[in-house]
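In listed order, ligands and their atoms are each counted from 1.
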Amino acid sequence: MEVITVPTAPFHDQRPGTSGLRKKVQQFQQPNYLENFIQSIFDSQRELQDGSLVVGGDGRFYNRQALQIIIRMAAANGVKKLLVGQSGILSTPAVSCIIRKYRLNGGIILSASHNPGGPEGDFGVKFNAGNGGPAPAQVTEAIYQESLNISRYRIMDAVDDIDLDRLGNGTMGNMQWEVIDPVSDYLELMERLFDFDRIASQLQSSRFRMIYDAMNAVTGPYAVAIFNRRLRAPTGSLQDCTPLEDFGGLHPDPNLEYAQKLVNIMFGDRSPDFGAASDGDGDRNMILGRRFFVTPSDSVAILAANAHLIPGYRQGLAGLARSMPTSAALDRVADKLGISCYETPTGWKFFGDLLDAGKVSICGEESFGTSSSHIREKDGLWAVLFWLNILAVTGKSVQETVESHWKEFGRNYYTRHDYEGIDPDAAHGLMEYLRSTFPSLPGNRYGSYAVEQADDFSYLDPFDGSVTEHQGIRIIFAGGSRIVFRLSGTGTQGATLRVYIEKYEDKTGSLFEEAQQALAELIAIADRLAGIRGKTGRDRPSVIT
Ligand code: G16
């Protein structure tokens, strides 16, 4: 068994996006493509030499083969201790939990998150740092720079594959490896935060029914261990809980469009009281009540407003944070609690410094991501347990919980319209057009809305002083209504235009309209200001949430 050095040449497209490097599987399968990126991680993150690392993925196609390559490269690059999830499985939040619990130097997660899998689908690699969170921009940039200059990678020669299906340990060169249970550390953390006894008695009562949909993705084994084995939820409370390499053909994105099976159940006759789903790698969540959808922006605000009911948060919240396109519902909760609400660019990595500094306890994004300072990633099952704990304490339904929140704080009507897979030139052209026109918008009136402010969002990190620019065009109207335009940083095919539309109605106003209807005028204004139909050739969004 020896370390070999293999000559290679750079690929020029390995700059990580919003959340790691995501490409088509075939691109990752090209000779040296994965190896180059992994070597660039080892070359730029020197603490991994003589250090410790956890690796795992969401079980998608190419997960197992990629893991064996990474394990052999870790040994060849001087990693001393390596943990790997059994069967190659580890959810993104579990990786964050394990890095923090065992004080590891980092983690590598194999996932393209909510993007489809299978041989024709997507694959991805994310590097998480020693705080358990996604690598910050300086780190991803350093990895990218290495990838542009790479000329060789190191890998162990002539070693047998590790048996990923059996718990066990061994050595490879100077590296000690261990195949670990992917669930137990995460479950233990959840038990410390939530009142499991109370949730269990609610789940076992004949008056309450839930359904959790793992979408054939990574949270399946976690859901079985937590809901079936630990909380003894009745049979039928879980669906699609076996991780499949192609997610059973599903697009494992928990929203109203792609989680059709769950949505049909929750909006059908005799629907359960509570429905939830997670995405490919387990960091997103969607919450549903009986024929009722909770927008992610409302969800995080409701969790924060009810945190005093939950054991892990009873001592109070230090502060809150949301990404810029997320609605201001969370800001209203922060006002009431007398704490700060930070506004960051899209991407979980921007919450890292705030969480590390103890400034923020709960944070969330409109893109179905919610979490807290318990780890440094968003956490799908955490949000589901948080909701179940609230419902178990209050005895209210999901709809009653949301509506009583609106009656107290007012309602931020909210929708996101996605135009997926559009021509990148058309998408960039549209953004350039907005960039050149927004300065002239303030003072203009469109129907019932007067533009108060317009800008291209930029963020000054309060800790390292770094500035992140061009994070989305914001058009803010008098009274707090908003339209935001930005391009997704996670797609792999064409470009995705996201249009975020929000209108605030105070608690004395009309709180119970259908969102698309309440926002119809602003939706039309968005098209008028950006020329979406004309520039993209699309007359309707691909996904509306
Ligand atoms: C990733 C990031 C999130 C971000 C989301 C959407 O989620 O971790 O912070 O909000 O992408 O990004 P975009 O609008 O650029 O597509 P995930 O679940 O894909 O890792």
>> Under a 3.5 Å cutoff, is there a donor and acceptor pairing between the side chains of Ser542 and Asp418?
In response: no

>> Using a 4.0 Å cut-off to any heavy atom of Gly347, which atoms of ligand 1 qualify?
In response: 9 (O)

>> Using heavy atoms and a 4.0 Å limit, tell me yes or no: is Ser323 in contact with ligand 1?
In response: no

> Short list, please: which atoms of ligand 1 are under 4.0 Å from a heavy atom of Asp283?
Replying inline: 18 (O), 20 (O)

> Which atoms from ligand 1 have a heavy atom of Arg498 less than 4.0 Å away?
Replying inline: 13 (P), 14 (O), 16 (O)

> Strictly under 4.0 Å, does any heavy atom of Lys349 approach an atom of ligand 1?
Replying inline: no

>> If you apply the rule side chain to side chain donor-acceptor pair (under 3.5 Å), what do you find for Asp279 with Ser113, and how did you get there?
In response: CA-CA 7 Å; Asp279 68 331; Ser113 188; 3.0 Å; yes

> Using 30° and 60° as the class limits, which term best fits the ring planes of Phe28 and Phe123: parallel, tilted or perpendicular?
Replying inline: perpendicular

>> As an exercise, identify every atom of ligand 1 less than 4.0 angstrom from a heavy atom of Asp279.
In response: 18 (O)

>> If only side-chain N and O atoms count, and only distance matters, is there a donor-acceptor pair under 3.5 Å linking Asn36 with Glu146?
In response: no

> At what distance is the nearest protein heavy atom to atom 17 (P) of ligand 1, and which residue and atom is it?
Replying inline: Ser113 OG, 3.1 Å

>> Under 6.0 Å from the ring centre and within 45 degrees of the ring axis: does the NZ or CZ of Arg332 meet both conditions for the six-membered ring of Tyr504?
In response: yes

>> At less than 4.0 angstrom from any non-hydrogen atom of Thr346, what atoms of ligand 1 do you find?
In response: 4 (C), 10 (O), 12 (O)

>> Closer than 4.0 Å to some heavy atom of Lys378 - which atoms of ligand 1 meet that?
In response: 1 (C), 2 (C), 3 (C), 7 (O), 8 (O), 9 (O), 17 (P), 18 (O), 20 (O)

> Distance only, no hydrogens: is a donor on one side chain within 3.5 Å (strictly under) of an acceptor on the other, for Glu377 and Asn128?
Replying inline: yes

>> Test of understanding: given a 4.0 Å heavy-atom threshold, classify the contact between Thr92 and ligand 1 as side chain, backbone, both, or neither.
In response: neither

> Among all protein non-hydrogen atoms, which one is nearest to atom 15 (O) of ligand 1, and what is the separation to 0.1 Å?
Replying inline: Gly489 N, 2.6 Å

> Which residue and non-hydrogen atom of the protein lie closest to atom 9 (O) of ligand 1, and at what distance in Å?
Replying inline: Glu365 OE1, 2.5 Å

> Which residue and non-hydrogen atom of the protein lie closest to atom 10 (O) of ligand 1, and at what distance in Å?
Replying inline: Ser367 OG, 2.7 Å

>> Give me the nearest non-hydrogen protein atom to atom 6 (C) of ligand 1 as residue plus atom name, then the distance to 0.1 Å.
In response: Arg284 NH2, 3.9 Å

> Do the non-hydrogen side-chain atoms of Leu53 and Leu83 ever get within less than 4.5 Å of each other?
Replying inline: no

>> Quiz question: by atom type and distance under 3.5 Å, do the side chains of Gln145 and Glu141 form a donor-acceptor pair?
In response: yes

> Do Asp379 and His374 have side-chain atoms, one donor and one acceptor, less than 3.5 Å apart?
Replying inline: yes

>> Quick check on contacts: which atoms of ligand 1 are under 4.0 angstrom from a heavy atom of Arg486?
In response: 13 (P), 14 (O), 15 (O)

>> Does either side chain, that of His417 or that of Gln516, offer a donor lying less than 3.5 Å from an acceptor on the other one?
In response: yes

> Nearest to atom 11 (O) of ligand 1, what protein heavy atom do you find, and at what distance?
Replying inline: Thr490 CG2, 3.3 Å

>> Taking the six-membered ring of Tyr433 as reference, does the cationic atom of Lys535 (NZ for Lys, CZ for Arg) lie under 6.0 Å from its centre and within 45° of its axis?
In response: yes

>> Test of understanding: given a 4.0 Å heavy-atom threshold, classify the contact between Arg22 and ligand 1 as side chain, backbone, both, or neither.
In response: side chain

> Has Glu366 got any heavy atom lying under 4.0 angstrom from an atom of ligand 1?
Replying inline: no

>> For the 3.5 Å polar cut-off, considering only N or O atoms, please tell me whether Ser488 and ligand 1 meet it.
In response: yes

>> If I compare all heavy atoms of Met431 with all of Arg486, which pair ends up nearest, and what's the gap?
In response: CE-CA, 3.8 Å

